Amino acid sequence: MVTLKTRYAGLEVRSPIVVGSSDLTDSVQRIRELEEHGAGAVVLGSIFEEEIALEYESVMEGLHQQGRNLIDYDYYDYKIRAQNLDAVTDLIRDAKRAVSIPVIPSINCVYSHEWTLFAQELEKAGADALELNMFFLPSDANRTSQETEQLYFEVVRKVRREISIPISIKMSYYFSSLARMIQRLSETGIASMVLFNRFYSPDFDIDTLKVVTSDTLSSEEEFPIALRWVALMAGRVSCELCASTGIHDSQTMIKQLLAGAHAVQVVSALYRHGPAHIRKMLDELQAWMAAKGFRSIDEFRGKLSQAQSADPALYERVQFMKFFSHG
Ligand SMILES: Cc1cc2nc3c(=O)[nH]c(=O)nc-3n(C[C@H](O)[C@H](O)[C@H](O)COP(=O)(O)O)c2cc1C
């Protein structure tokens, strides 16, 4: 018998496919459908602190222009937050009644003092774990790398103090010493790390000379960055690893598990092919495992990680020397 059981965010999950944070998980009906097709867990769309702060500022500005006394500050502050949070906490409560797979909310915060309030509310609503969608674009030339890195540790420390459900960090690869950062973050008591998030990026329209959005969905050629880093870090971190970005089919999922991931997050492929694609990927994984004689994911997880490799240099090669040589 082949089992697909594995772990994500410190929880046992029945399959390695975690539906990543997005609109795919924005209703109980959609979450139920994802469960029916075999998802191991679902991550809800992020609550964006930035958005709440902007909303708040515009309300306050409006009130100020109307000549209102800003003594109402606390009331509006509370109300706006409550409206945003209510939608997510209601979804968690309803989803928990409807499905048995873990339901994991996500928060994206830009100012570290806001995280704790959100985290407590989500835990109270019944969240199985919490994903921290953490990213501070390192575009401020006056900020040192240590200052930016410090923010991540502060956030984790604060959230860990307030909640007892497991925490997962979904991060980017914009760090000058990425291996050290991943390793140190993994030692903060978090349960898992998602390598890596894929962000909105600007593009240019050369006809209208305007800034536009680049492709919202990933392509299947985007998986190698996560593959390299999962393979490099597996066995060298103190938490589970989950691979994300560009995982569109069972072959890529298998590669990430061989690299050392406990699970994978899938988003774009489900936007493209619908939730039934989860079942297809799992059936193909199961068939591959049966053909190779693996009865569980643990039996082959990390088999192609750098730590288990006889030729570790292969994972650190970055130049295409042979490809371009004419000899
Ligand atoms: C429409 C859409 C909405 C998303 N919303 C969020 C979000 O709220 N929070 C987050 O951390 N990631 C969000 N993401 C990123 C995905 O969770 C995922 O990390 C990214 O799409 C890469 O995975 P993929 O290649 O499987 O799509 C979103 C992606 C898409 C396409």
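Small disclaimer: the values here were computed from a predicted structure and weren't measured. Every number for a ligand or one of its atoms is a count from 1 in the order of the listing. All values below come from the heavy atoms of this structure, side chains included, with hydrogens, waters and symmetry mates left out.
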*Close side-chain approach of Leu130 to Ile104, heavy-atom, < 4.5 Å*: no
*Determine yes or no for a side-chain-to-main-chain donor-acceptor pair under 3.5 angstrom, with Ser186 supplying the side chain and Gln183 the backbone.*
yes
*Considering only heavy atoms of Arg198, which atoms of ligand 1 have at least one such atom less than 4.0 Å away?*
19 (O), 20 (C), 22 (C)
*Give a yes or no on whether the backbone of Ile167 and the side-chain of Arg160 come within a donor-acceptor separation of less than 3.5 Å.*
no
*Verify, without hydrogens or angle tests, whether Ser21 (side chain) and Ser46 (backbone) share a donor-acceptor contact under 3.5 angstrom.*
yes
*asked:* Within the structure provided, determine whether Val28 and Leu91 are in side-chain contact (heavy-atom separation under 4.5 Å).
replied: yes
*Tell me which part of Val266 gets within contact of ligand 1: side chain, backbone, both or neither, using heavy atoms under 4.0 Å.*
backbone
*asked:* Please determine whether the number of non-hydrogen atoms from other residues, nucleotides or ligands lying under 6.0 Å from atom OH of Tyr173 exceeds 12.
replied: no
*asked:* Checking contacts here: is it the side chain or the backbone of Asn108 that comes within 4.0 Å of ligand 1, counting heavy atoms only? Could be both or neither.
replied: neither
_Pairing residues for Glu220 by the side chain to side chain contact (heavy atoms under 4.5 Å, CB included) criterion, not counting sequence neighbours_ = His248
*Answer yes or no for Tyr271: is there a heavy-atom contact with ligand 1 below 4.0 Å?*
yes
*asked:* Using a strict threshold of under 4.0 Å (side-chain N to carboxylate O), is an ion pair present between Glu121 and Lys124?
replied: yes
*With only distance considered, is Ser106 within less than 3.5 Å of ligand 1 through an N or O on each side?*
no
*Please work out whether any backbone atom (N, CA, C, O) or any side-chain heavy atom from C-beta onward of Ser244 is under 4.0 Å from ligand 1, and answer side chain, backbone, both or neither.*
side chain
*Atom indices of ligand 1, in the order listed, that fall short of 4.0 Å to a heavy atom of Ser268*: 24 (P), 25 (O), 26 (O), 27 (O)
*Main-chain N/O of Phe196 paired with Ser244 side-chain donor or acceptor, under 3.5 Å*: yes
*May I ask you to check if ligand 1 and Asp23 share an N or O to N or O distance below 3.5 Å?*
no
_Numbered atoms and elements of ligand 1 in range of Ser218, under 4.0 angstrom, heavy atoms_ = 24 (P), 25 (O), 27 (O)
*Among protein heavy atoms, which sits nearest to atom 13 (C) of ligand 1, and what does the distance come to when rounded to 0.1 Å?*
Ser21 O, 3.0 Å
_ligand 1 to His248 polar contact by distance, N or O atoms, under 3.5 Å_ = no
*Closest protein heavy atom (residue, atom, distance) for atom 9 (N) of ligand 1*: Ser46 OG, 2.6 Å
*asked:* Salt bridge check, Lys5 against Asp298: does any charged N sit closer than 4.0 Å to a carboxylate O?
replied: no
*Just need the protein heavy atom nearest to atom 29 (C) of ligand 1, so name the residue and atom and give the distance.*
Val267 CG1, 4.1 Å
*asked:* Please work out, at 4.0 Å between heavy atoms, whether the side chain, the backbone, both, or neither of Glu131 comes within that distance of ligand 1.
replied: neither
*Do me a favour and list the nearest non-hydrogen protein atom to atom 22 (C) of ligand 1 with residue, atom name and distance?*
Thr245 OG1, 3.4 Å
*Give the atoms of ligand 1, by number and element, whose distance to some non-hydrogen atom of Asn133 is under 4.0 Å.*
9 (N), 10 (C), 11 (O)
_Side chain or backbone, does Gly20 bring an N or O within less than 3.5 Å of an N or O on ligand 1?_
no
*Do me a favour and list the nearest non-hydrogen protein atom to atom 15 (C) of ligand 1 with residue, atom name and distance?*
Asn197 OD1, 3.7 Å
*What atoms of ligand 1 come closer than 4.0 angstrom to any heavy atom of Leu217?*
31 (C)
_Please check this pair: side chain of Glu147 against backbone of Arg143, looking for a donor-acceptor N/O pair closer than 3.5 Å._
no
*asked:* Judged on heavy-atom distance to atom 18 (C) of ligand 1, which of Met134, Gln265, Lys170 sits nearest?
replied: Lys170
*Report, in ascending order of atom number, the atoms of ligand 1 lying under 4.0 Å from any heavy atom of Ser22.*
3 (C), 4 (C), 5 (N)
_Donor-acceptor check, side chain of Thr25 to backbone of Val43, threshold 3.5 angstrom: yes or no?_
yes
*Polar-atom distance check: Thr216 versus ligand 1, any N or O pair below 3.5 Å?*
no
*Over 60° means perpendicular and under 30° means parallel, so classify the ring planes of Phe135 and Tyr174, tilted if in between.*
tilted
